[in-house]
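Numbering starts at 1 and runs along the sequence shown.
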Amino acid sequence: MSPLRKTGAFAAALTAAFAAAYGVGSAVAPVDGGRTQETAHASMADDDGHGAQEPTTAHAPAGLQVTENGYTLDLETTSLPAGARTTLRFVVRDAEGAPVTGYRTEHGKQLHLIVASRELTAYRHLHPTRAADGTWSTPVELPEAGGYRVFADFTPAAAKEGLTLGSDLAVTGRYAAHALPSPATTATVDGYTVRLDGALTPGRESDLTFTVSRAGRPVTTLQPYLGAHGHLVALRSGDLAYLHVHPHEEAKGTTPSGPEVTFTATTPTPGTYRLFLDFKVADKVHTAAFTTTTTGQGH
C-alpha cells in the first residue's frame with residue numbers, strides 16, 4: 001500500500017479507535033485538550049508568545065515529519081488494542097516508494113523504534129527485526145488507549161546523515177486521560193533511584209547528568225547499553241518533537257560503570273520536555289522518566 005493510501009487508512013483506523021473507546025462508555029478526548037495534531041504544531045509559541053507557523057520540513061525538529069529527505073515511514077499497523085501483546089509492522093520507503101533494505105549500524109542497531117503516548121505517560125524503546133523484503137516488525141504491548149507517536153531513528157546506507165521519522169498510531173480500548181507528571185529531579189524505577197542534574201536551555205547545548213543509586217548507595221555496575229552506559233530520549237510536550245542527545249564517553253570523576261551517565265542535548269524552543277533514560281544493570285534494562293522545563297532564553 002502506498003504512503004498516500006496509507007494516510008487514508010490511518011484516518012479510518014484512528015476514527016475506529018476513538019469510536020471503540022466511546023463504545024465502552026468512556027470519552028475519548030484529544031490529548032491536547034481539544035486541539036488536533038496539526039493545530040498543536042501550528043500553535044507552538046515563539047519567544048514573544050505569538051503562535052509560530054507550521055514548521056517546514058527543512059527546519060522542523062526531528063520526529064514531526066513522516067517524510068523527509070526522500071524517505072517515508074509507512075506504518076502497516078495503524079491501530080493496536082490496549083493491553084494485548086501484538087505485532088507492529090512498518091516499512092521505510094525511498095523516494096521511489098521502494099522498501100529500504102540497506103542501513104548503517106548506529107548505537108549497536110540498524111534502527112531504533114520509540115513508541116510514546118501523546119500524554120508521555122507510556123513509553124517503549126524497541127528494536128524490531130527486518131525481513132528480506134524490507135518490512136520491520138516487533139512485538140509490543142501498550143498499556144493504555146489513546147493516541148501514540150511512533151518514531152523510527154535510522155541512517156540509510158545511501159544517506160550521509162541519520163533521520164528520525166514519526167507517524168501516528170491509534171491504540172483502542174477504554175480511554176482515561178492522564179496529566180503530564182510534574183517536573184522533578186529524581187525518579188524511581190524497579191528499586192533504583194535516579195537523580196537528574198543540569199537543565200535544558202533553548203538553542204544551546206546542555207549537559208544532563210543522571211546518577212543511579214539503590215538503597216542509598218551508588219550503583220557502579222552499569223553495563224553497556226547501545227554503545228554507552230545509558231541511552232536518553234527527550235520528547236517535547238505538545239507536539240512530541242524528538243530531540244537528539246549524545247552520551248559522553250565517560251562522566252568526569254567517575255568510573256565508566258557509573259554511578260553517573262552524562263548526555264548533551266540541544267533544545268530547539270522553550271517548553272516542557274519528557275526525558276526517558278534507559279540504563280542496564282545485571283542484564284536488565286530499566287527506564288527512568290523525568291519531566292523538565294527549559295531555563296533561560298538561550299541564544
Side-chain angles (χ1 to χ4, degrees), residues 31 61-64 88 106-109 111-128 138 140-144 146-154 162 164-166 169 171 178-200 206-213 219 222-248 258 260-268 271-281 284-294:
V31 297
L64 298 184
L88 176 64
E106 301 285 350
H107 302 293
K109 300 290 182 180
L111 186 145
H112 298 264
L113 193 73
I114 303 297
V115 182
S117 65
R118 286 205 161 269
E119 294 169 327
L120 295 176
T121 53
Y123 170 87
R124 298 289 186 270
H125 183 172
L126 307 169
H127 296 111
T138 181
V140 63
E141 181 178 341
L142 300 174
E144 52 200 36
Y148 283 70
R149 190 73 173 170
V150 177
F151 302 93
D153 191 339
F154 63 94
T164 302
L165 302 180
L169 174 71
V171 177
H178 297 281
L180 185 71
S182 300
T185 57
T186 60
T188 58
V189 56
D190 303 329
Y192 294 91
T193 299
V194 183
R195 186 182 77 243
L196 167 62
D197 293 296
L200 296 171
S206 305
D207 283 346
L208 302 173
T209 298
F210 299 87
T211 304
V212 183
S213 63
V219 174
L222 298 181
Q223 297 173 301
Y225 178 62
L226 303 177
H229 284 88
H231 185 274
L232 181 66
V233 167
L235 299 174
R236 183 168 60 189
S237 177
D239 63 352
L240 273 64
Y242 184 104
L243 303 190
H244 287 286
V245 294
H246 305 281
H248 289 198
E260 296 181 8
V261 185
T262 300
F263 300 84
T264 298
T266 302
T267 311
T272 300
Y273 293 79
R274 190 77 165 148
L275 310 178
F276 298 94
L277 171 70
D278 294 328
F279 63 95
K280 187 177 181 179
V281 181
K284 183 178 180 180
V285 177
H286 310 272
T287 302
F290 299 80
T291 301
T292 186
T293 56
T294 55

> Could you pull out the closest heavy-atom pair between Glu144 and Ala122, with the gap in Å?
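For Glu144 versus Ala122, the nearest heavy atoms are OE2-CB, 4.1 Å.
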> To the nearest 0.5 Å, what is the distance between OH (Tyr148) and CG (Leu88)?
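Tyr148 OH to Leu88 CG: 12.5 Å, rounded to 0.5 Å.
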> Is there a donor-acceptor contact under 3.5 Å linking the side chains of Thr293 and Thr272?
no
> Please enumerate all residues that pass ring pair (Phe, Tyr, Trp, His ring centres under 6.0 Å) together with Phe279, with sequence neighbours excluded.
Tyr192, His286
> To the closest 0.5 Å, what do you measure between OG (Ser117) and CG (Leu169)?
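The distance works out to 11.0 Å.
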> Work out which heavy atom in Arg274 is nearest to a heavy atom in Ala289; give both atom names and the distance.
NH2-CB, 3.6 Å
> Answer yes or no: is there a donor N or O on one side and an acceptor on the other, between the side chain of Arg149 and the main chain of Gly63, under 3.5 Å?
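Judged by distance alone, yes, a pair lies under 3.5 Å.
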> What are the two closest heavy atoms between Leu208 and Ala199, and how far apart are they?
CD2-N, 3.9 Å
> Can you list the residues that meet the side-chain hydrogen bond (donor to acceptor under 3.5 Å, both in side chains) rule with Asp278, with sequence neighbours excluded?
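Here the qualifying residues are His125, Thr287.
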> Measure the shortest side-chain to side-chain distance between Ile114 and Phe276 over non-hydrogen atoms and say whether it is less than 4.5 angstrom.
no
> Within this structure, what is the CG-OG1 distance for the pair Leu180 and Thr291, rounded to the nearest 0.5 Å?
4.0 Å
> Do the side chains of Leu243 and Leu235 get nearer than 4.5 Å, heavy atoms only?
no
> Of the non-hydrogen atoms in His112 and His127, which two are nearest, and what is the gap between them?
ND1-NE2, 3.1 Å
> Answer whether the closest heavy-atom distance between the side chains of Leu232 and Pro247 falls below 4.5 Å.
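Result no, sub-4.5 Å side-chain heavy-atom pair not found.
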> How far apart are the closest heavy atoms of Ala116 and Leu240, and which atoms are they?
O-CD2, 4.2 Å
> Write down the atom of Arg118, the atom of Gly238, and the distance for their closest heavy-atom approach.
NH1-O, 3.9 Å
> Would you sort out whether Thr186 and Leu196 count as a side chain to side chain contact (heavy atoms under 4.5 Å, CB included), showing the intermediate values?
CA-CA 6 Å; Thr186 60; Leu196 167 62; over 6 Å; no
> State which residues pass side-chain contact (heavy atoms from CB on, under 4.5 Å) with Ser213; sequence neighbours excluded, sorted by chain then number.
Thr193
> Going from CG on Leu275 to CZ on Phe263, what distance comes out if it is rounded to the nearest 0.5 angstrom?
10.0 Å
> Look up atom CG in Asp207 and atom NE2 in His248, then write down how far apart they are to the nearest 0.5 Å.
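Reported value, rounded in 0.5 Å steps: 4.0 Å.
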> My understanding is that only residues two or more places apart in sequence, or in another chain, count here; which of them pass side-chain contact (heavy atoms from CB on, under 4.5 Å) with Ser206?
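Once residues adjacent in sequence are excluded, the partners of Ser206 under the side-chain contact (heavy atoms from CB on, under 4.5 Å) criterion are Leu200, Thr201.
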> How far does NZ of Lys109 sit from CG of Leu126, to the nearest 0.5 angstrom?
11.5 Å
> Please identify each residue that fulfils side-chain contact (heavy atoms from CB on, under 4.5 Å) with Glu141, with sequence neighbours left out.
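For Glu141 the side-chain contact (heavy atoms from CB on, under 4.5 Å) partners, ignoring immediate neighbours, are Arg85.
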> For Arg195, which residues count as a salt bridge (charged side-chain N to carboxylate O under 4.0 Å, His left out) partner, sequence neighbours excluded?
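Result, salt bridge (charged side-chain N to carboxylate O under 4.0 Å, His left out) vs Arg195: Asp197.
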